[in-house]
Amino acid sequence: MAKKEYAFYPGCSSQSKASASNYLTSVNSMCKTLDIKLTEIPDWNCCGASIGYAEGGELPRHVMNARNFALAEQHLPGQQVVATCAACWLGARETKERLDASAQLMADTNEALKEAGLHYKAEVEIRHMVEVLIEDFGYDALGKPVVKPLGGLKIAGYVGCQTNRPFGIAGESFENPMYLDKLVETLGAEPVANYEQKVTCCGGALAFSETEKSQAQIKNIVESAYDQGADLIVTPCPLCQANVEIYQEQINKRYGTKFNMPVTYYSQLMSVAYGGSTKDAGLDGQLIRAPKLEEIAKK
Amino acid sequence: MSDLNAQAVAKYRTNFLKEVEERVEEGEWVKMCMQCGVCSGSCPLGPYWAHPPQEIFMMIRAGRRDEVLTSDSMWMCTSCYNCIVRCPRKLPITHIMHGLANYAHRLGLAPKNQPTRVFATLFWNNLIRTGRVNELKLSLALYFKDGFKQGIQNALNMQKTGLGLMKAKRLNPFELFSGHGCKDKKGIAAMLKKAREIEASRKHFAN
Ligand code: SF4
Ligand code: SF4
C-alpha cells in the first residue's frame with residue numbers, strides 16, 4: 001500500500017504529557033501499521049475549542065484556526081490537515097466553512113494574519129482521523145493488518161457529539177451512527193447492539209464548570225454500558241474519553257455506584273489488534289485500566 | 001451601566017432584534033425561527049435552561065433585551081449540536097447561543113459568577129498567553145476561582161485523579177514553569193489584537 005501523508009494537528013490535549021497523550025501514542029502505533037505519515041504542523045496553536053467563544057469572540061477564533069491552515073499550506077503544501085481531537089476538527093472545519101462562505105470574513109482574517117506574517121490561501125481540507133480511516137481506507141483495508149482479533153470483548157461504541165454533529169462522518173445518521181460499531185466488528189470484537197447512550201452529550205467543557213449536571217449525563221453513559229454487558233467503552237473524542245473516565249470516581253461517591261468501566265480510544269483497540277503492546281497502545285495511560293484488552297496485548 | 005452597554009442602548013433603542021442581527025454571531029438568523037420548539041427539547045442540560053433556545057428567539061423578537069442578556073440560559077449550552085442538525089429551518093442555534101453569551105459577557109451583563117463564564121474566560125486567557133492550553137495552570141486557576149480556602153478543598157477533591165494522571169504521564173507538573181507553547185507568541189498576540197480591532201469596527205462597537 002502506498003504511503004499516505006497528512007499534515008497533523010494534534011491539539012492541546014493530545015500533545016505529549018497532556019491529558020490525552022495516550023491517544024497520541026496509540027495513533028502513532030496505528031499509523032505505523034497502516035503506513036500513514038503524519039507530519040505535525042510546525043508551531044500549530046490551539047483551536048479555541050468549544051468554550052473559546054465567550055471571551056474570544058468570533059473573528060479572533062477564526063484567526064486562530066486560520067493561522068494553523070496558513071502554516072500547513074506553507075510548510076506542508078498539498079496535504080490535508082488531519083485532527084485527532086473532535087473539538088479541534090469541529091472548530092477548524094467551522095472556521096473553514098465560514099471563511100469560504102464570506103469574502104469579508106476571509107479578508108478580515110487575512111488582514112489579522114498579516115500581523116503574524118502569514119496568509120491563508122483557502123486551499124486546505126480539514127479531516128478527522130476517523131474520516132481518514134473510514135473514507136480513505138475502508139473497513140476491509142482496516143481489517144487486513146489484524147493479527148490479534150479482539151475476540152471475547154464486548155464493546156460499547158460511544159460516539160458522543162462532536163465527531164457526529166453537525167458535520168459527522170459521510171453516510172452516517174446523526175441519531176444512530178454505526179461506524180464505531182462496524183470498526184469494533186472489523187477488529188474482531190462484539191459491538192453492543194443497543195447502546196442507547198451512544199450519542200448522548202457528556203457535558204463537554206461544562207464538565208468543569210457545571211460538574212454535577214454533567215456527571216448526571218456521564219452516569220447514564222456508563223450505566224447503560226454496564227446494562228448492556230460491555231467490557232469497555234470506546235470513543236473517538238478526547239474530551240468524551242477524559243470526562244467519562246476521570247469522573248467515575250466522583251460519580252461513585254455522589255451516587256453510591258461502583259463504576260470501574262475502562263474508556264479507551266478506537267486507536268488503542270486498533271493498535272492492540274495490529275499486534276501492539278500495552279505500551280504501544282497507550283494502555284498504561286488509563287486511569288481505569290482495561291485488563292481484558294491488556295491480556296490480548298500481552299498474548 | 002458599562003460604557004459599551006450604554007452606547008448599545010442609545011444606538012439601538014427599542015430595536016433589540018436589529019442589535020442582535022448586527023452584533024451577535026449568526027444573529028441575522030434569529031428572524032428565521034418558526035417557533036416549532038424542536039431545539040428546546042434537544043439540550044442535554046435542558047431542565048436548567050430558564051429560557052430554552054426557542055424562547056430566547058421569541059424574547060429577542062419581543063425586545064426583551066435585559067431578560068435575554070442577563071440570563072444564564074445560554075451558558076448552559078454544552079455545544080452538543082443536537083439542535084443544529086434537527087432544526088427544520090437550519091438555524092445555527094449553537095453559534096447564536098455562543099454569540100449571545102459572548103455579547104452579554106462583553107457588555108458586562110452576563111451573570112457575574114456564572115461558572116461557565118468564569119471557566120471560559122480563564123480558558124481563553126490561558127490559551128492566548130502561549131498559543132496553547134496549559135492544562136495544569138488552567139485547572140489550578142479553576143480550583144482557586146472561589147478563593148483560596150475553597151480552592152484547596154476543590155484541589156483535594158480531585159487530588160487522586162491529578163496524581164493518577166501524572167503517574168499515567170497525562171498531566172505534566174512542569175507545565176507550571178514552562179510547559180507547552182508556540183514559538184511565535186509575539187505574532188499570535190499581534191494578530192489577535194488586530195482581529196479584536198477589526199471585529200469591534202465591523203460590529204460598530206465604537207459608534
Ligand atoms: S428548532 Fe429551529 S425553527 Fe424550531 S424553534 Fe428551534 S430555532 Fe426555531
Ligand atoms: S448545542 Fe447548545 S443549544 Fe444546541 S442542543 Fe446542544 S446545548 Fe442546546
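Naming: A, B, ... by sequence-line order, numbering from 1 per chain. Both backbone and side-chain heavy atoms feed into the values below; hydrogens, waters and symmetry mates do not.
Interface remark: of the candidates A:P166, A:C201, A:A207, A:S214, A:P166 forms the most heavy-atom pairs closer than 4.5 Å to chain B.
Both the backbone and the side chain of A:E111 come within contact range of chain B, judged by heavy atoms closer than 4.5 Å. Interface residue B:Q114: only side-chain heavy atoms are found under 4.5 Å from chain A. Using a 4.5 Å cut-off between heavy atoms, B:R106 makes no contact with chain A at all.
Taking OG of B:S42 as the start and CZ of A:R165 as the end, the distance is 9.0 Å to the nearest 0.5 Å. In this structure, the separation between CD1 on B:I198 and CG on A:L59 is 5.5 Å, given to the nearest 0.5 Å. We find the SG-CG distance between B:C80 and A:L206 to be 11.0 Å, quoted to the nearest 0.5 Å. Here A:E212 contributes atom CD and B:Y48 contributes atom OH; the two are 8.0 Å apart, rounded to the nearest 0.5 Å.
Using a distance-only test at 3.5 Å, with no hydrogens or angles considered, no donor-acceptor pair links the side chain of B:R117 to the main chain of A:A54. Side-chain atoms of A:D43 come within 3.5 Å of backbone N or O of B:D184 as a donor-acceptor pair.
Near-neighbour residues of residues 188-196 of chain B relative to chain A, defined by a heavy atom under 4.5 Å from a heavy atom of that chain, comprise B:I188, B:A190, B:M191, B:L192, B:K194, B:A195, B:R196.
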*Carefully, step by step, assess A:E58 and B:R202 under the rule side-chain contact (heavy atoms from CB on, under 4.5 Å).*
CA-CA 11 Å; A:E58 196 174 350; B:R202 293 268 175 258; over 6 Å; no
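Taking the six-membered ring for Trp and thresholds of 30 and 60 degrees, A:Y53 and B:W75 have ring planes inclined between 30 and 60 degrees apart.
We find that A:R61 and B:E199 are not joined by a salt bridge, their nearest charged nitrogen and carboxylate oxygen being 4.0 Å or further apart.
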